[in-house]
Q: 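Here it is, the structure, as structure tokens.
Just so it is clear: chains get the letters A, B, ... in the order the sequence lines come, proteins before strands, and each one is counted from 1.
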Amino acid sequence: MAAAGAAKVTAAAAASAVFRSNQELTRLARSGQLAAARRLFDSMPRRNTVTYNAMLSALARHGRIDEARALFDGMPSRNAVSWNAMIAALSDHGRVADARSLFDRMPGRDDFSWTVMVSCYARAGELELARDVLDRMPGDKCTPCYNAMISGYAKNGRFDHAVKLLREMPAPDLVSWNSALAGLTQSGEMVRALQFFDEMVEKDMVSWNLMLEGFVRAGDLDAASGFFAKIESPNVISWVTLLNGYCRAGRIGDARDLFDRMPERNAVAWNVMLDGYVRLSHLEEACKLFDEMPGKNSISWTTIISGLARAGKLQEAKDLLDKMSFNCVAAKTALMHGYLQRNMVDDAIRIFDGMEVCDTVCWNTMISGYVQCGMLEEAMLLFQRMPNKDAVSWNTMIAGYAQGGQMSKAIGIFRRMSRRNTVSWNSVISGFVQNGLFVDALHHFMLMRRGTYRADWSTYASCLRACANLVAFHVGRQLHSLLVRSGHINDSFAGNALISTYAKCGRILEAKQIFDEMVGKDIVSWNALIDGYASNGQGTEAISVFREMEANGVRPDEVTFVGILSACSHAGLIDEGLGFFYSVTKEYSLKPIAEHYACMADLLGRAGKLNEAFELVQGMQIQPNAGVWGALLGACQMHKNHELARLAAEKLSELEPCKASNYVLLSNISAEAGKWDEAEKARASIKEKGANKPPGLAGST
DNA sequence: TATGCGTAGT
């Protein structure tokens, strides 16, 4: 009896010890102290299901999804909470198929399980599957489960479906109504949103704030502030929403007034104000606000550090980072990015290597930094070491190799990629275009369309460029009709690309028509038309478009003058060309760029004024590039000035030592002038310097 | 432990 009693007491003590440890574990897990939670978990002599569930949620919260799964698989016993937590974790990380497979195997599914599964599909845009799960739910379906479905419909643009379900469900609550409303406000349909809002019998702060955020999102700040004034007792989220609107619109004065008038300011309010200053590069105000801010959190630190880093104030950013008392991956990533933008690779590596935890964004930053610095091998090594590659990681490598002229490697990675997206296809297609492989670009566009991938403006821009270069008018016209069908035609960049393509194909009338019909003409549109006339030899028309552009109050930029000068050059308008060239600095206060000099060298050179052209090049404030020497060389060959031609060819081969055609040119020029030794020397350089033909590609996907 | 609103790093 006594022994049994003692055993009971011991068991009770042990149970209460487990209970206390579980409470501590839950506290650690919720306050983000994963390492401490793990230590406690490992040190516990006895654990129950609650212990395991707490550890599972902690791992899931930190994105350690595979560790969570391992723990789940090894649990001695599981209850509904364990199953639900695991399914929710998989769902949160987009692992839809894994979530479903666990859901199917789960014994005794409860309301929560069904809701998580519906929400999982809904958030992934799989509306039919979500609806199927909802329909299969046995007995009385719970309101949250309906709401998850309404939210799915609304956020995926199926507002009518959302409303239909709202009317059909047995017990809609405010969340149901707000979920539907969010579909309208978040897609900027404020007219319908307003109608729906008026229809709502009951409204809470979420409803009002959704409307407010809708006006902000639509960029209608006056409507937003008017609406804000109508809210009887705005809560901190209402204030922050309007504050954020002013900041994003650049109305920093209004923002600050509002911020000062706020009855209570939480960390989000401070962070939004801080971000407002940072975005407008008002760094002094930002730093002052940051100093004054009570309760700075990781977002505050990241905001200020990234602002300083972007502005190149790397020492100040580093000093701040050193003052941080806690670990923040985002802030370190921002500083790393700042270093990499300025080619300070060693400093970036020091941060990267010193990080004990490093997430996908951080790895991607380092990889893309290497790529930007031209260090492709280092990027590849990191890419291979990286544990959880996402689409950004793959796409960065593809784009890196493509831009580095290594299309075979780019394609190799592209082929190994299991879940390609639009960006992946865009990277290879634009890579082909940049490397002059226009047919391959269009071929891959065809392959892309054969899959279920959706082309975006970037895809079309690359393909149109390919058409322009191939003078493939009919393909261009097909792309034009695809653009109309896809709805991208109203984007100004698509219109601009079309103008260039039609013009380059010699269809200047069609180009002009697109231009005339365009709603949002910008400087690029004008430049495209001017350049179009220029490349069709219609110099006078190019100049008259230029005049029209000025009459419309559009200020010409450097690119405009590249078009105008080449128009003059093609049409032999020497005096006009010289006039425009001098006006670049005198009238328009622009800095002449190398392309302007190349046009002028071409203009003067074609007219036989080789010495004047050469003098112009010699007097350049900036370093002449290959285009400039190439233009001069062309003119020299036209007018048989061997001496100057040889000089230009030499400069060219200095600037592009790996381009074989430069040595061939130099060799031919020397041979023509009877300088056989030098001709031979130039030929030898091809092998010696390992000069290559432009990169080609064997085979395709 | 779910469903509707505000902030940071590629």
Side-chain angles (χ1 to χ4, degrees), chain A residues 53-54 56-57 60 79-89 91 110-120 122-123 142-152 154-155 172-183 185-186 204-214 216 235-245 247-248 266-276 278-279 297-307 309-310 328-338 340-341 359-369 371-372 390-393 395-396:
Chain A
N53 290 346
L56 185 66
S57 319
N79 58 19
V81 176
S82 337
W83 284 89
N84 289 340
M86 194 64 234
I87 296 171
S91 162
D110 58 13
D111 284 358
F112 186 90
S113 332
W114 289 92
T115 307
V116 167
M117 202 59 235
V118 171
S119 155
C120 175
R123 274 185 291 173
C142 65
T143 298
C145 202
Y146 278 109
N147 291 347
M149 192 66 234
I150 291 175
S151 172
K155 291 209 168 136
D173 59 7
L174 249 172
V175 176
S176 326
W177 283 86
N178 286 337
S179 303
L181 178 66
T185 57
Q186 290 175 0
D204 66 358
M205 280 317 298
V206 175
S207 333
W208 287 88
N209 289 341
L210 274 169
M211 290 298 292
L212 185 61
E213 208 267 339
V216 164
N235 65 10
V236 68
I237 296 184
S238 327
W239 285 89
V240 164
T241 303
L242 185 61
L243 181 68
N244 194 32
C247 287
R248 297 287 161 117
N266 61 9
V268 180
W270 283 88
N271 287 342
V272 168
M273 193 66 240
L274 188 63
D275 185 61
V278 164
R279 270 170 195 269
N297 61 20
S298 65
I299 297 181
S300 332
W301 287 91
T302 305
T303 304
I304 191 75
I305 287 174
S306 85
R310 261 204 305 272
C328 174
V329 180
K332 290 182 180 176
T333 306
L335 181 59
M336 255 169 61
H337 188 235
L340 290 163
Q341 292 301 96
D359 62 10
T360 305
V361 176
C362 180
W363 279 89
N364 287 343
T365 301
M366 198 63 223
I367 290 174
S368 90
V371 166
Q372 278 168 34
D390 66 0
V392 175
S393 335
N395 294 342
T396 304

Q: Has Gln341(A) got a side-chain N or O lying under 4.0 Å from the OP1 or OP2 atom of dT10(B)?
A: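 So the side chain of Gln341(A) is outside the cut-off, no N or O lying under 4.0 Å from OP1 or OP2 of dT10(B).
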
Q: Between dG9(B), dG6(B), dA2(B), which nucleotide has the shortest distance from any of its atoms to the side chain of Glu213(A)?
A: dG6(B)

Q: Using a cut-off of less than 4.0 Å, is there contact between a side-chain N or O of Ser151(A) and OP1 or OP2 of dG4(B)?
A: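 Yes, such a contact exists.
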
Q: Quick one: does any side-chain atom of Thr115(A) pair with a main-chain N or O of Asp111(A) as donor and acceptor, under 3.5 Å?
A: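 Yes; at least one donor-acceptor contact below 3.5 Å.
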
Q: What nucleotide among dT3(B), dA8(B), dG6(B) has an atom nearest to a side-chain atom of Ala148(A)?
A: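 So the side chain of Ala148(A) is nearest to dT3(B).
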
Q: To the nearest Å, give me how far apart CD1 (Ile299(A)) and C1' (dA8(B)) are.
A: 5 Å

Q: Can you check whether any acceptor in the base of dG9(B) is under 3.5 Å from a donor in the side chain of Asp359(A), or vice versa?
A: yes

Q: Let me know the distance between CZ of Arg123(A) and P of dG4(B), rounded to the nearest Å.
A: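 In whole Å, dG4(B) P and Arg123(A) CZ are 8 Å from each other.
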
Q: Rounding to an integer number of Å, can you tell me how far Trp363(A) CH2 sits from dT10(B) P?
A: 18 Å

Q: For Asn209(A), run the side chain to side chain donor-acceptor pair (under 3.5 Å) check against Thr241(A), Asp204(A), Asn235(A) and tell me which one passes.
A: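 The passing option is Asn235(A).
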
Q: Could you tell me whether a side-chain N or O of Asn271(A) sits under 3.5 Å from a main-chain N or O of Leu274(A), the two making a donor and an acceptor?
A: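 Side chain of Asn271(A) to backbone of Leu274(A): no pair is present.
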
Q: Assess whether side chain to side chain donor-acceptor pair (under 3.5 Å) is satisfied between Asn244(A) and Asp275(A), documenting all intermediate values.
A: CA-CA 9 Å; Asn244(A) 194 32; Asp275(A) 185 61; over 6 Å; no

Q: Need one value for Thr365(A): base, sugar-phosphate or nothing, where a base atom within 4.0 Å counts as base even if backbone is also close, heavy atoms only.
A: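 Sugar-phosphate, no base atom in range.
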
Q: Select one nucleotide: of dT10(B), dA8(B), dT1(B), the one nearest the side-chain heavy atoms of Val392(A).
A: dT10(B)

Q: Is any side-chain N or O of His337(A) closer than 4.0 Å to OP1 or OP2 of dT10(B)?
A: yes

Q: Distance check: side-chain N/O of Lys155(A) vs OP1/OP2 of dC5(B), anything under 4.0 Å?
A: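 Looking at the OP1 and OP2 atoms of dC5(B), one of them is under 4.0 Å from a side-chain N or O of Lys155(A).
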
Q: Ignoring hydrogens and angles, does a donor from either the side chain of Asn209(A) or the base of dG4(B) sit under 3.5 Å from an acceptor on the other?
A: no

